[in-house]
S.K.: 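Here you go, one structure.
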Amino acid sequence: MSKVKFFLKILLALALLTVPAQAAESTWQPELRIGILTGVQSIELEMSAPSVITDGEDAKKVLDKVDAGEKISLDAGKLKADAVEIRGEKVPLKDLQVAINGKKYFGGVRLLKTGNTLTVINLVTIEEYLRGVVPNEMSINYHPEALKAQAVAARTYALKNRGRHKAEGYDLCATNHCQLYNGVEEVAATDKAISETRGEVVVLSNEKLVDANFHTDSGGMTENIFDVWKTKASHLVPVAELETKTQPWTKEFPAQSFAERIGGGLGELKFISLSKLEIGKAASDRTSSGRAKNVTIVGSEKTVQVSGTDLRTKFSLPSTLFDVEFKEGKVVFTGYGRGHGVGMSQSGANAYAKTGWDYKKILAHYYTGTGLKKLY
């Protein structure tokens, strides 16, 4: 045998050894159940490929078949089982799409019947789920490395919180309570970020998934998770930003309206006490990042202390990184940032990306003491 033929045989053997592993790596991924609708009596569905309707508790029990493009109406009162699933007959879930009441989603559908109403659940592979999340959670015009950081954070958050809505029969909801998921989105910039970080998640040194919380803008320093939700997590502690006093905002409320919202028999508003904001400096009434911890509110009938988090909720404030002043019959809040401040600041990630940081460095900055792991 010539040396050339021998060399070609060796190359062929190597190719045959490597292709199956690569193919397996590129196809498998976790599947999620995303709650889309609850309490509806009926829905209209349209599948992108021939599909089968099976018993939700026994996938081998086929109840019916659906043609590609066929519009079908399913009514809770006429459903043949308490739970049904609709998946592609031959097409894998990642390549399937379903229109639910005219709105397109990646993947298939699971329906749960409760009395005469339905819970509609989108069955979707996680990478396709991210395609409907990332462009809704971060500006698609942000730097590519910031978009990659967001893709990894969103993937990690989804897998870590899988089963958050187990009692309702699904993993995650489609709102900001979990992550904002808007079904089929085809955005080149975010699709690229998702593809280039495929399977990557943020982990602790013991390789456990972290809660990869994120928010719009920290205002200058992120927050300790304990000061927001009274939960301890070593990776969610305050870290500095490239820029401070970002996204300034102001909100005003008439004193009477303010007192009424505070409630509890406060009476007429007399005085509000909160130390001056200094980003990154703690005080007795401020957290280590400078956010309002407790605000003392003095009324004609009583004096109360209200947490900065509760004030943010009561008055729909953009953040708790604020000063507050009572003057001329008005309560005036002036602050910075947007969101709870825990974890990765999206605008901060974009600012760091513009300086040359890659997504790995961005994630390591915002999630202290963590690293990356490729799950699949």
S.K.: Of all heavy-atom pairs between S345 and S218, which one has the smallest distance, and what is that distance?
M.R.: OG-N, 3.4 Å
S.K.: What residues, two or more places apart in sequence or in another chain, satisfy salt bridge (Lys or Arg N to Asp or Glu O under 4.0 Å) together with K276?
M.R.: D323
S.K.: Step by step, work out the side chain to side chain contact (heavy atoms under 4.5 Å, CB included) result for V203 and K208.
M.R.: CA-CA 5 Å; V203 295; K208 286 187 177 181; over 6 Å; no
S.K.: Taking R198 first and then E200, would you say they form a salt bridge - that is, a charged N and a carboxylate O separated by under 4.0 Å?
M.R.: no
S.K.: Here's a test for you: under side chain to side chain contact (heavy atoms under 4.5 Å, CB included), which of T190, L180, I140 qualifies with V134?
M.R.: T190
S.K.: Is Y157 isolated, or which residues cluster with it under the ILVMFWY side-chain rule of less than 4.5 Å, directly or via members?
M.R.: none
S.K.: What's in the same ILVMFWY side-chain cluster as V332, cut-off under 4.5 Å, chained through other members?
M.R.: none
S.K.: How would you list, by chain and number, every residue that makes a ring-ring contact (aromatic ring centres under 6.0 Å, His included) with Y367, sequence neighbours excluded?
M.R.: none
S.K.: Considering only NZ, NE, NH1 and NH2 on the basic side and carboxylate oxygens on the acidic side, decide whether K103 and E44 come within less than 4.0 Å.
M.R.: no
S.K.: Which heavy atom of S51 sits nearest to which heavy atom of L96, and what is that distance?
M.R.: OG-CD1, 4.2 Å
S.K.: Let me see the working for F106 and Y129 under ring-ring contact (aromatic ring centres under 6.0 Å, His included), right down to the final yes or no.
M.R.: CA-CA 7 Å; F106 297 107; Y129 163 74; over 10 Å; no
S.K.: Is there a side-chain contact between E127 and K94 in this structure, where contact means two heavy atoms from C-beta onward sitting under 4.5 Å apart?
M.R.: no
S.K.: Does K104 NZ have over 12 foreign heavy atoms under 6.0 Å away?
M.R.: no
S.K.: Please name the pair of heavy atoms, one in G219 and one in I279, separated by the smallest distance, quoted to 0.1 Å.
M.R.: O-CD1, 3.4 Å
S.K.: Is the Lys NZ or Arg CZ of K166 less than 6.0 Å from the centre of Y170's six-membered ring, within 45° of the axis?
M.R.: no
S.K.: Please name the pair of heavy atoms, one in L321 and one in G290, separated by the smallest distance, quoted to 0.1 Å.
M.R.: CD1-C, 3.9 Å
S.K.: Walk me through it: do R291 and S319 pass the test side chain to side chain contact (heavy atoms under 4.5 Å, CB included)?
M.R.: CA-CA 8 Å; R291 286 171 171 77; S319 74; 5.5 Å; no
S.K.: Would you say that more than 12 heavy atoms from the other residues, nucleotides or ligands in this model lie under 6.0 Å from the CG of N116, or not?
M.R.: no
S.K.: Under a plain distance cut-off of 3.5 Å, with no hydrogens placed, do E128 and T125 share a side-chain donor-acceptor pair?
M.R.: yes
S.K.: Within the side chain of H340, is there an N or O that forms a donor-acceptor pair under 3.5 Å with the backbone of F214?
M.R.: yes
S.K.: May I ask you to say whether D171 pairs ionically with R33, meaning some side-chain N is under 4.0 Å from a carboxylate O?
M.R.: no
S.K.: Does Q179 use its side chain to pair, donor to acceptor, with the backbone of A154 at less than 3.5 Å?
M.R.: yes
S.K.: Give the other cluster members for L266, using side-chain heavy-atom distances under 4.5 Å between Ile, Leu, Val, Met, Phe, Trp and Tyr residues; answer none if it is isolated.
M.R.: W249, F253, F258, I262, L269, I272, L274, V295, I297, V304, V306, L311, F315, L317, F322, V324, F326, V331, F333
S.K.: V62, V66: one ILVMFWY side-chain cluster at the under-4.5 Å cut-off?
M.R.: no
S.K.: Where do A83 and L112 come nearest, in terms of heavy atoms and distance?
M.R.: CB-CD2, 3.7 Å
S.K.: Please check if the side chain of K373 supplies one atom and the backbone of L375 the other of a donor-acceptor pair under 3.5 Å.
M.R.: no
S.K.: With sequence neighbours excluded, tell me which residues meet salt bridge (Lys or Arg N to Asp or Glu O under 4.0 Å) with E196.
M.R.: K148, K192
S.K.: State plainly whether the residues R110 and E85 are in salt-bridge range, i.e. N to O under 4.0 Å.
M.R.: yes
